[in-house]
Amino acid sequence: MASVLTGELLGRVRERAPGYDAANSFFFDDLAELRAAGYLRPRSLSDASADQRLLAAHAPATALGLTMHLVWMGVARDLAAAGDDSLQWVLDDCAAGELFAFAVSEAGNDRVMTDSVTRAERVEPGQHPDRRGGWAVTGTKIFTSLSPAWTRLGVLARHEPAGGAAERERAGTEPGIEPRIIHGFLLREARVSTPERFEPHPAPGVTITPDWNTLGMRATQSHTTRLEAAFIADEHVSRILPVGPVADPFLLAISANFLTLMASVYAGLADRALELAVESAQRRTSLKNDGAPQAHDPDIRWRLADAALALDALTPQLAAVVHDRDHGVDRGLRWHRDLAGLKHRSVETARHVVDQAMRIAGGGAYRTTAELTRLQRDVLAGIYHPSDPEAVHATVATDLLGPVP
């Protein structure tokens, strides 16, 4: 599929990126233009990965924010391809212009998708004002990217039946098995969708605190989100699963799309850092070498080559993973190792490339107005996305040695 990311569009996106970062503001203009171009629509993972890498080379924070929406498109696409139409409504809502986001991260929860400190209570039909059955969700989510603009928010929460077998039956659980994790979507309608007047309706039970004031990736505006009996209707529940690791195509699809698209973003950031380093080496001159360009300096040439070699090694790893996901290759349990390892390698490679680029560019890159300075701040966010380095190494060790007794 041909990319909608034309040179003209990407030029405008790159031009706006410094302003979003300096003002700590959301990328409304980017969102409007990318939506109009068809960028939010679902497509193959290979195409989405390539597009995200290209977009991130022009505006890393915009690409990172839109990763959240594209992950849900990928999950719905993967399930549909496997004959599971439970998220067909997600694809339909995307076609209607809705924007999807994640509310998963929680302070103190390092189990991520397998447990939650947010609580879900059953709401029977007739108890809610719109008469539908569903779940009332209460808790605090952090790092909720796209906070100013989402209209569909993927949430997970823990439900602990307290009423015995009857309550467990209503909750969709098996007798004697509790608690469960409820995966579903909160809905928020938007009054308008122009960047000048975008104003989503408040969602009942949802309070967003505009507290995103971070070192980098500022345009994602990933605010803290407080849920107080926020309602998820039964038709918007995607899974009810046991607490803890469980083999389910829904969870694997989330991991596969999230980790590969995240890896693509940091690969794109590294692409731009290397490009800037080359430009700097060709532009800067050396007095001790009679005004010759820094590109003639063997130390500078070694640093550039070192950065390029690291990035070259990442590209085939990324391509192989997205190819196998698109073509239904069954890597079995090895998927967990390969996906987590890919994201980790991409982030660490990008950090190395940016570091080399900063050394090549010299003191001018230390100015707050320098693009490399922004890339250096943005790349640091990668160590905080799941899976963090500790979880990645634990996953790989388990694949090699088995679980700890």
Ring-face cation of Arg122 near Trp135 (centre distance under 6.0 Å, axis angle within 45°): yes
Distance under 6.0 Å and angle within 45° of ring axis: Arg325 vs Trp335: yes
Verdict with reasoning, Ser387 to Thr395, per side-chain contact (heavy atoms from CB on, under 4.5 Å): CA-CA 9 Å; Ser387 300; Thr395 296; 5.7 Å; no
Ring pair (Phe, Tyr, Trp, His ring centres under 6.0 Å) partners of Phe27, counting only residues at least two apart: none
Worked verdict on Glu228 versus Arg226 for salt bridge (charged side-chain N to carboxylate O under 4.0 Å, His left out): CA-CA 7 Å; Glu228 187 66 44; Arg226 171 69 182 171; 3.0 Å; yes
Test applied, salt bridge (Lys or Arg N to Asp or Glu O under 4.0 Å); reference residue, Glu98; option that passes from Arg41, Arg35, Arg152: Arg152
Flag side-chain contact, heavy atom, 4.5 Å: Leu311 against Leu274: yes
Check: Thr118/Glu106 side-chain N/O donor and acceptor closer than 3.5 Å: yes
Contacts of type ring pair (Phe, Tyr, Trp, His ring centres under 6.0 Å), residue His385, not counting sequence neighbours: Tyr266
Any donor-acceptor N or O pair under 3.5 Å, side chains Asn257, Asp78: yes
Flag for His352-Asp306: side-chain donor and acceptor within less than 3.5 Å: yes
Pair Asp378 + Arg218: basic N to acidic O under 4.0 Å: no
Donor on one side chain, acceptor on other, Thr224 and Thr209, under 3.5 Å: no
